[in-house]
4 protein chains.
Amino acid sequence: MQPKPGSADLTFTEAARRKQIVAAAIETIAELGYAKASFAQIARRAGLSSPGLISYHFANKDDLIGQVVAEVYRVGGEVVRPNSAAATSAWSALRGYLEGSLAFYDTHRGHLLALVRILQGHPEALSRWAGPRNAAELAGLAEVLVRGQRAGEFREFDPGTVAVIIRQLLSGALQHLLTQPAADLTGYTRELVTLCEHAVAAPRRRIKEQR
Amino acid sequence: MQPKPGSADLTFTEAARRKQIVAAAIETIAELGYAKASFAQIARRAGLSSPGLISYHFANKDDLIGQVVAEVYRVGGEVVRPNSAAATSAWSALRGYLEGSLAFYDTHRGHLLALVRILQGHPEALSRWAGPRNAAELAGLAEVLVRGQRAGEFREFDPGTVAVIIRQLLSGALQHLLTQPAADLTGYTRELVTLCEHAVAAPRRRIKEQR
Amino acid sequence: MQPKPGSADLTFTEAARRKQIVAAAIETIAELGYAKASFAQIARRAGLSSPGLISYHFANKDDLIGQVVAEVYRVGGEVVRPNSAAATSAWSALRGYLEGSLAFYDTHRGHLLALVRILQGHPEALSRWAGPRNAAELAGLAEVLVRGQRAGEFREFDPGTVAVIIRQLLSGALQHLLTQPAADLTGYTRELVTLCEHAVAAPRRRIKEQR
Amino acid sequence: MQPKPGSADLTFTEAARRKQIVAAAIETIAELGYAKASFAQIARRAGLSSPGLISYHFANKDDLIGQVVAEVYRVGGEVVRPNSAAATSAWSALRGYLEGSLAFYDTHRGHLLALVRILQGHPEALSRWAGPRNAAELAGLAEVLVRGQRAGEFREFDPGTVAVIIRQLLSGALQHLLTQPAADLTGYTRELVTLCEHAVAAPRRRIKEQR
DNA sequence: GATGAATGAGTGTTCATTCAT
DNA sequence: CATGAATGAACACTCATTCAT
């Protein structure tokens, strides 16, 4: 009945409408929370004449929400990736990833607020949409850690687990940012980066004095 | 109209029913998420004849949810506190807090899943119920950090910020646990504790070689 | 199941309870309006342990409300009747009835507020409870009017109709009193009595035979 | 969300539906009383598929009820105004107002029954919807009375109070009409008009014998 | 493609009434 | 006689979704 998301056969206006609706959905969810982001509200923000139009362009509410999640990850990937890709040492890659992520959180609060609220409000959002993407991100991060260990930059630890922990430090930072919008981001970033450095760094030339 | 939560003057059956309903609410929210945890669902799980019975025992949905939050924090306090109270050094107190929290997360996944979903789904849950409690917990944690710094156990850092970060490491661990129920908790705990140790420990006898 | 209102076989405590509940019902309805006067509210004001007790003593909500109406009319009859019974001329009887009614309205605002709210809120209250009583009152009033016409005190008019109109002047006055509690009752009474006098008095020839 | 009552931008079907629902509400309230006039009952009478449709067209129950009140006053104004506007003398204006009102009451019993029941059943109906309109009507009536007094048509009295009393005579007549649908309206009207005439008329050609 | 009217299941909450104790 | 727990129908209101035009 509706045009399906098979991205190939979308009219131009189709695609534009979908983008417009996704953007309105992000704005709405960020503003009202997931639970109160009804089609009516989203349609109002998108300047649509009726909530029915959303149903016309998306198969489901889940379909729309899935697109929203995809959009946020897409933008995030675009922004953060170059930040760590250019790095030479593992630590500078890690640092780039941390700082890039935090900067992205700061400049795209609306997107991330929407994402967080979806992940919180939709019981299956995590497993359906975020899970795989997070796994990929985690894998990339773990790879950097392994590289750092091999290069002697990082101490011994289980790279998978530590990757998870670092990832969660970032989630925590995001939470902090969204909850306390006035927080001192620069100071927070510095403290977090330093903490990570201490947490993973190999004891420099100090093997004998190890406790 | 309804018997109010002034815990003093509750009938025995009243108290039992309330406990039963709170338990069913925890179960339901853990299973379905906050948004879909309707009185109808909770009543079904509690074996009640009608959703109206919940309204009979609780003034509000918020009243019930508040009781759920209180219950989770109550249990958590009971389990975690002794773990760090007995400690002598700041580091062993911190370690006890970390390990105790993680153990509690592990043994009470349902409770914590419900709590997390409430904090995510209810727009005022954080400010109304969790905020004060978290602040108290953070203050206690910061105090331990300061104690450690004075005793020379911990390096120099801003205790408030690092307390926030450590708190978020625990939230992250909880998230991990709830998301990946099959994860190796023992390994994860060990890694997290080690990471924290490196993150906060003072460089022993290495003041001169400081970066 | 319940003791029926057949007033004969009531225990002493039974009767006392019923009076108490009726009084609480009057108070509640006057205060909250008919629609919000739930058994729970009435029971609270009566100091009863449960709304169920009202159901125990009255067959129905309608049963209770009927008793409330009866009580108000009973008190009203007791207060107003002597006021006009002692009169000699028809006009003084009429005047006594008017002034007595208004005085009763003034001193028993709670009772009358409850009565009015019942008559307004209960779709069948008028036909079931108030209708017959009003008819009786009207008949008495018409009788006075006829007496006055025969005595040459009153002009020619249809006694039944004018009785209705005078009755409604009183309803109007009551409405006024309940709506504007600060109104000047004395002035209002004087104006109303004068108006009635002009409205029914026989033309001229009365300058000499003035009341 | 819903089309708002800004009567300008209503679709044709919108307007029709709203009229239909208002009409059904009037019918329902007249029949069942305000308290039992649920959306379900109104929807049934309007032939709607679900109560939800009413919520779709009106923001609130109060919104709907407000429209009902407005409608009744609108119709009433249309019918009664011309009746007294054409008058030359104060008395003929007053008479026109009385007769016009009574005629309107007679031909629109359903509308007025609904209005009365709303004013009685809704705790804020009077202050919110009827109060201002009644005040305006009273002011107009008092003006006529003053005019009559200045012209020597009416005796001395407090115009405000007598306006209230006359207004209440009409309310009383309405009450009578609604309560006793079989009553002889013509006779009643004649009697009421005569009574008012006597009640307010200046003693004719007896200026010298003035009390 | 787009519109707006409609649908119907679902929400939390209230309340008279019942009944075992 | 009295209690308090329980019941279930009813309430206004919300919302994703459908569909004729």
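Keep in mind that what you see is a predicted model, and the values were worked out from it rather than measured. Order of the sequence lines fixes the chain letters, A, B, ..., with proteins taken first and strands second; residue numbering starts at 1 for each chain. All values below were derived from every heavy atom in this structure, side-chain atoms included, with hydrogens, water molecules and symmetry-related copies excluded.
- Picking from E:dT11, E:dA2, F:dA6 the nucleotide with the shortest atom distance to the side chain of B:Ser38 gives E:dT11.
- The listed nucleotides are E:dT7, E:dT13, E:dT17; the one nearest the side chain of B:Ser55 is E:dT13.
- Relative to the side chain of C:Ser49, the nucleotides F:dA2, F:dT7, F:dT17 differ in distance, and F:dA2 lies closest.
- Between the CD1 atom of D:Ile54 and the P atom of E:dA6 there is a distance of 12 Å, given to the nearest Å.
- Using the Watson-Crick or G-U wobble rule with both distances under 3.5 Å, E:dG10 pairs with F:dC13.
- Judged by distance alone, with hydrogens and angles left aside, the side-chain atoms of B:Arg117 form a donor-acceptor pair with the main-chain N or O of B:Ala30 at under 3.5 Å.
- Using a 4.0 Å heavy-atom criterion, one finds that D:Phe39 contacts the sugar-phosphate atoms exclusively.
- Taking the P atoms as reference points, E:dG1 lies 22 Å from F:dT21, given to the whole Å.
- Atom OH in D:Tyr34 sits roughly 13 Å away from atom P in F:dC11 (whole-Å rounding).
- Checked against F:dA2, E:dA5, F:dT7, the side chain of C:Leu53 finds its nearest nucleotide in F:dA2.
- Per the geometry, CD1 belonging to A:Ile65 stands 9 Å off P belonging to F:dA16, to the nearest Å.
- Between the NZ atom of C:Lys61 and the CD1 atom of C:Ile42 there is a distance of 6.0 Å, given to the nearest 0.5 Å.
- F:dA16 atom P lies 11 Å from atom NZ of B:Lys36, rounded to whole Å.
- Atom-to-atom distance recorded for C:Asp62:CG and C:Arg128:CZ is 4.5 Å, nearest 0.5 angstrom.
- Without hydrogens or angle criteria, B:Gln41 side chain to B:Lys36 main chain gives no donor-acceptor distance under 3.5 Å.
- Contact annotation: A:His57 side-chain N/O to E:dG1 OP1/OP2 distance is not under 4.0 Å.
- Nearest-nucleotide positions on DNA chain E place D:Phe12 closer to the 5' end than the other of C:Ala35 and D:Phe12.
- For C:Lys61 and A:Thr13, each mapped to the nucleotide of DNA chain E holding its nearest heavy atom, the one lying further toward the 5' end belongs to A:Thr13.
- In this entry the distance linking CD of C:Gln41 with P of E:dC15 reads 8 Å, nearest Å.
- Residue B:Arg17 places no side-chain N or O under 4.0 Å from the OP1 or OP2 atom of F:dG4.
- Ion pairing between B:Arg17 and B:Glu14 fails under the 4.0 Å rule for side-chain N and carboxylate O.
- Phosphate proximity of E:dA5 to D:Thr11: present, with a side-chain N or O under 4.0 Å from OP1 or OP2.
- Comparing F:dT17, F:dC1, F:dA5 against the side chain of A:Pro51 picks out F:dT17 as the nearest.
- Within the structure, every side-chain polar atom (N or O) of B:Ser50 is placed at least 4.0 Å from both OP1 and OP2 of F:dA6.
- Checking E:dT21 for Watson-Crick or G-U wobble geometry (two distances, each under 3.5 Å) identifies F:dA2 as its partner.
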Report task. Tell me, with the steps shown, if D:Ile21 and D:Tyr56 meet side-chain contact (heavy atoms from CB on, under 4.5 Å). Result -> CA-CA 11 Å; D:Ile21 293 173; D:Tyr56 176 79; over 6 Å; no

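- Along DNA chain F, the nucleotide closest to D:Gly52 and the one closest to B:Leu48 are compared, and the more 5′ of them pairs with B:Leu48.
- One atom, CZ of A:Arg44, and another, P of E:dG4, lie 16 Å apart when rounded to the nearest Å.
- In this structure, C:Phe58 atom CZ and E:dT18 atom C1' are separated by 18 Å, rounded to whole Å.
- Between B:Asn60 and E:dT13 there is a side-chain polar atom (N or O) within less than 4.0 angstrom of OP1 or OP2.
- In this structure, the CD1 atom of A:Ile21 is 13 Å from the P atom of F:dT17, given to the nearest Å.
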